[in-house]
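The structure appears right after this line, and notes come after that.
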Amino acid sequence: MGRRPPHFTVVADADTLATAAAERLMALIDNASDRLAVCLTGGSSPMRLYALMASEPYRNALPWSRIHWFWGDDRFVPHDDPRSNFGAARRLLLDRVPVPAGNIHPIAVNAASVEEGARQYEAELRAFYGADRLDPRRPLFDVVLMGVGADGHTASLFPGRAELEERERWVVGVAEAGLEPFVPRVTLTFPTLASTREMLFIVSGSDKREVLARVRSGADLPATRAYAEGDLVWLVDRDAAPEHRDVA
Ligand code: 6PG
């Protein structure tokens, strides 16, 4: 069976986008038994979603003790640095909800190097998964949130870089970012990000129009190379996709 093509949904604005994303998360969680794994992203687009999940009705509805939180990438900066992806999710979401500390799995940004941080995170993911090989029939994650940068990067997978071709490592160090903020990164690789029941891109704002048009035309960009063993969904708002009339 081939991989399903991406499904694009355009919604009215950034608030509707956050609500639509939260509803998708709720539906996935309702359909899952036992333990769940959610992989968060950095960047500005998911911030409303994080704040929304920390407010009612989601705060009360989400089974916090069953959900484990991971990151698709992070900047190699301390957690209290404003550029930290972990720090942003903690501030807006995790500090505000009853999540057990053991369910939070940040990327090790205090490791000696990005390579060492990547090795540590890979070991943590393997231990959580319980195997050294990802089985497409048993995805690592339930949901992987993704964003897209103006240059088409996603997670910390930048255009033209060797990391795009990585098929063995689950996590890699990125010594030099291709776009601001220019700090070293640690990122999951495509096969690891793909190991999910749903990959959900969240794209908001007029500064994403140009790159989104390139994505829609099938340009070879990291964001268009991303795939999922499960569903691949792009949720975008009208500012990012003004030519679309099929607003949900
Ligand atoms: C990162 C992100 C990255 C992000 C895009 C979009 O750490 O930089 O994970 O992949 O999702 O750069 O970010 P914006 O929404 O801020 O444009």
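Quantities reported herein were computed from a predicted structural model and do not represent experimental measurements. Residues: numbered from 1 along the sequence shown. Both counts, for ligands and for their atoms, begin at 1 and track the order of listing.
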Result block: side-chain N/O donor-acceptor pairs under 3.5 angstrom for residues 219-226, not counting sequence neighbours:
unit_1, atom_1, unit_2, atom_2, d
D220, OD1, R225, NE, 2.9
D220, OD2, R225, NH2, 3.2
T224, OG1, A219, O, 2.6
T224, OG1, L221, N, 2.9
T224, OG1, L221, O, 2.8
R225, NH1, E165, OE2, 3.0

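More than 12 heavy atoms of other residues, nucleotides or ligands lie within 6.0 Å of CG in D95, so this atom counts as buried by the packing criterion. Heavy atoms of other residues, nucleotides or ligands lying less than 6.0 angstrom from CD of E56 number more than 12.
Using a 4.5 Å heavy-atom cutoff, the side chains of R48 and S204 are not in contact.
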For ligand 1, list every N/O pair with the protein closer than 3.5 Å, one pair per line with the distance.
unit_1, atom_1, unit_2, atom_2, d
ligand 1, 7 (O), D73, OD2, 2.7
ligand 1, 7 (O), R75, NE, 2.9
ligand 1, 7 (O), N85, ND2, 2.8
ligand 1, 8 (O), R75, NH2, 2.9
ligand 1, 8 (O), R185, NH1, 3.2
ligand 1, 9 (O), T41, OG1, 3.4
ligand 1, 9 (O), G42, N, 3.2
ligand 1, 9 (O), D73, OD1, 2.7
ligand 1, 9 (O), D73, OD2, 3.2
ligand 1, 10 (O), A155, N, 3.1
ligand 1, 10 (O), A155, O, 2.7
ligand 1, 11 (O), T41, OG1, 3.4
ligand 1, 11 (O), G42, O, 3.4
ligand 1, 12 (O), H153, NE2, 2.8
ligand 1, 15 (O), S44, N, 3.1
ligand 1, 15 (O), S44, OG, 3.1
ligand 1, 15 (O), S45, N, 3.2
ligand 1, 15 (O), S45, OG, 3.2
ligand 1, 15 (O), K208, NZ, 3.1
ligand 1, 16 (O), S44, N, 2.7
ligand 1, 16 (O), S44, OG, 3.0
ligand 1, 17 (O), K208, NZ, 2.6

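A salt bridge links R119 with E116: the closest approach of a Lys/Arg side-chain nitrogen to an acidic carboxylate oxygen falls below 4.0 angstrom.
Cation-pi check for R96 over Y50 is not met; the charged atom does not lie both under 6.0 angstrom from the ring centroid and within 45 degrees of its normal.
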